[in-house]
Amino acid sequence: MNLSDYKGILVFAEQRDGVLQNVGLELLGEATRLAKNLDTKVVTAVLLGDNIGGLTQQLIEHGADRVLVIDKPELKLYDTEAYAQVLAAVVNSEKPEIVLFGATTLGRDLAPRVSSRVTAGLTADCTKLEISEDKQLWMTRPAFGGNLMATIISPDHRPQMSTVRPGVMKKLPKEEGKTGEVIPFAVDLDTSKMKVKVLEVVKEEGHKVDISEAKILVSGGRGVGSKANFEVLENLANEIGATVSSSRAQVDAGNMPHDRQVGQTGKTVRPEIYFACGISGAIQHVAGMEESEYIIAINKDKYAPIFSVADLGIVGDLHKVLPILTEEIKKYKKSQEDASSYENILENTTAE
Ligand SMILES: Cc1cc2nc3c(=O)[nH]c(=O)nc-3n(C[C@H](O)[C@H](O)[C@H](O)COP(=O)(O)OP(=O)(O)OC[C@H]3O[C@@H](n4cnc5c(N)ncnc54)[C@H](O)[C@@H]3O)c2cc1C
């Protein structure tokens, strides 16, 4: 294998029902940052689906220099074999030195298959990517239950492939009107190998919440106690337009669904405000929330490790602190409403 034949970075731009997933845009941001330290600075997005041409500009405005489009009715619904065939063909033809996938359910299914077809390794769930002085990709991920960070390299094979969870990397601000190349990529699918036929996709009933998209999270740990006790968190969340999430302790206890779990085996979140209520701050939890912009921890143990990552710490019983906080916020909102209606009266009186 001649390593120098491999150039540039390829990002899998996942879309579902014609909507680009945030993680693909985040990876384009990361790829643009990494490409600055590579000889070939080209970032290419790969977009698969049916009737998806309208999504290319969004990818360009978030960092892609080129977008390879594979637009086929067979790619309308995700099919592991079809998607793996297409991506392996793209990698073999494009020869990128790095390929990045989002560690979504789809990405986790697809990336290992593609890596094995193109005989490359794959580092899953990376939390940090860097280019070393000798232009290798350093792929860092938690190992041994999160107690150790392992940096993995792939010195003898190309491409260097990795998956990254949603919310870990930052997307670039949208560059309105940015131009880039849109290239239709032709692939002949071998349909005889497609053994699974998706007849229908049935969406899970009820409102599924994506905590990685929330701007404010009120998160509860074992200290909250029973499921009914989450009411104090819900009350605060309702008042400030937040979503309730939790530590694994509450998911294991059956009090919260897994899609609300923050942490290494849950979701990585980066909200503007993260309330950690009755959460001790175990390394596996902190790994999923430490990038939040402002962390408020409420814990009755002043030595709880969560306070070392918090911007604001309140030592106290959450069952006492949260209702007081919620009441104060209600009062503050009411006073703001009163003030603005008073201003309106003044304005109207003056106008008259
Ligand atoms: C491989 C692996 C993966 C893991 N993945 C995850 C993960 O993704 N997410 C995750 O969260 N964990 C994960 N864990 C589990 C993790 O190690 C911890 O066990 C877990 O995070 C503890 O949850 P907790 O902080 O809610 O509970 P605890 O550690 O029991 O802490 C409860 C806290 O509540 C405080 N408290 C109690 N009562 C009150 C009160 N009334 N008011 C205020 N404070 C109170 C206590 O002082 C304590 O600090 C993982 C573990 C392993 C081994």
Side-chain angles (χ1 to χ4, degrees), residues 22-23 103-105 108 125 127 142 145-147 165-168 204-326 329:
N22 251 330
V23 67
T104 58
T105 324
R108 282 167 201 258
D125 277 348
T127 50
N147 293 312
R165 285 191 195 195
V168 174
E204 196 179 343
E205 291 241 352
H207 181 55
K208 252 199 153 192
V209 179
D210 187 359
I211 56 168
S212 58
E213 299 285 322
K215 283 203 159 50
I216 311 178
L217 283 173
V218 179
S219 211
R222 203 189 314 267
V224 171
S226 67
K227 192 172 180 169
N229 285 354
F230 268 89
E231 196 185 348
V232 280
L233 279 76
E234 294 282 358
N235 290 345
L236 172 64
N238 286 341
E239 220 39 65
I240 56 176
T243 303
V244 174
S245 52
S246 82
S247 72
R248 176 161 152 181
Q250 287 291 1
V251 175
D252 288 348
N255 294 335
M256 288 295 272
H258 183 256
D259 63 356
R260 303 271 184 136
Q261 182 185 317
V262 173
Q264 193 192 320
T265 43
K267 288 202 171 140
T268 304
V269 297
R270 200 193 274 266
E272 287 168 17
I273 307 176
Y274 187 87
F275 284 88
C277 314
I279 294 176
S280 60
I283 186 166
Q284 296 89 352
H285 184 82
V286 170
M289 47 64 78
E290 63 191 334
E291 294 295 325
S292 305
E293 275 174 41
Y294 198 85
I295 300 169
I296 301 173
I298 304 162
N299 198 303
K300 62 181 187 185
D301 173 10
K302 69 174 176 181
Y303 298 110
I306 193 73
F307 287 128
S308 62
V309 291
D311 297 284
L312 176 71
I314 302 172
V315 180
D317 183 342
L318 69 96
H319 297 293
K320 290 187 183 141
V321 175
L322 287 181
I324 295 172
L325 189 58
T326 310
I329 289 168

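Along the sequence shown, the residues carry numbers beginning at 1. Since we're looking at a predicted model, the values are computed, not measured. Basis for what follows: all heavy atoms, side chains included, without hydrogens, waters or symmetry-related copies.
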Looking at Ile211, is its backbone amide N or carbonyl O close enough to the side chain of Arg260 to form a donor-acceptor pair, meaning the two atoms are under 3.5 Å apart?
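Such a contact is absent between Arg260 side chain and Ile211 backbone.
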
Quick one: salt bridge (Lys or Arg N to Asp or Glu O under 4.0 Å) pairs with a partner in [range], sequence neighbours left out?
range: residues 213-235; value: none
range: residues 304-314; value: none
range: residues 267-279; value: Asp210-Lys267, Arg270-Glu291

Quick one: closest heavy-atom pair of [X] and [Y], and the distance?
X: Thr268; Y: Ala287; result: CG2-O, 4.5 Å
X: Asn229; Y: Val232; result: O-CG2, 3.2 Å
X: Val244; Y: Ala237; result: CG2-CB, 3.8 Å

Show which side-chain atoms of residues 314-321 pair as donor or acceptor with protein atoms under 3.5 Å away, not counting sequence neighbours.
{"from": "Asp317", "atom 1": "OD1", "to": "His319", "atom 2": "N", "distance (Å)": "2.8"}
{"from": "His319", "atom 1": "NE2", "to": "Val224", "atom 2": "O", "distance (Å)": "3.2"}

Residues in side chain to side chain contact (heavy atoms under 4.5 Å, CB included) contact with [X], at least two apart in sequence or another chain:
X: Pro271; answer: Leu217, Val269, Tyr274, Ser292
X: Ile216; answer: Ile240, Ala242, Ile273, Phe275
X: Ala304; answer: Asn299, Asp301, Ile306, Phe307
X: Thr104; answer: Glu14, Arg16, Val23, Leu106, Pro166

Working to the nearest 0.5 Å, report the span between CG of Leu322 and OG1 of Thr326.
6.0 Å

Nearest-0.5 Å distance that lies between atom CD1 in Ile324 and atom CG in Leu236:
12.5 Å

Would you list the pairs meeting side-chain hydrogen bond (donor to acceptor under 3.5 Å, both in side chains) in which at least one residue belongs to residues 235-258, sequence neighbours left out?
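The answer is Ser219-Ser245, Glu239-Lys333, Arg248-Asp252, Arg248-Thr265, Gln250-Asn255.
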
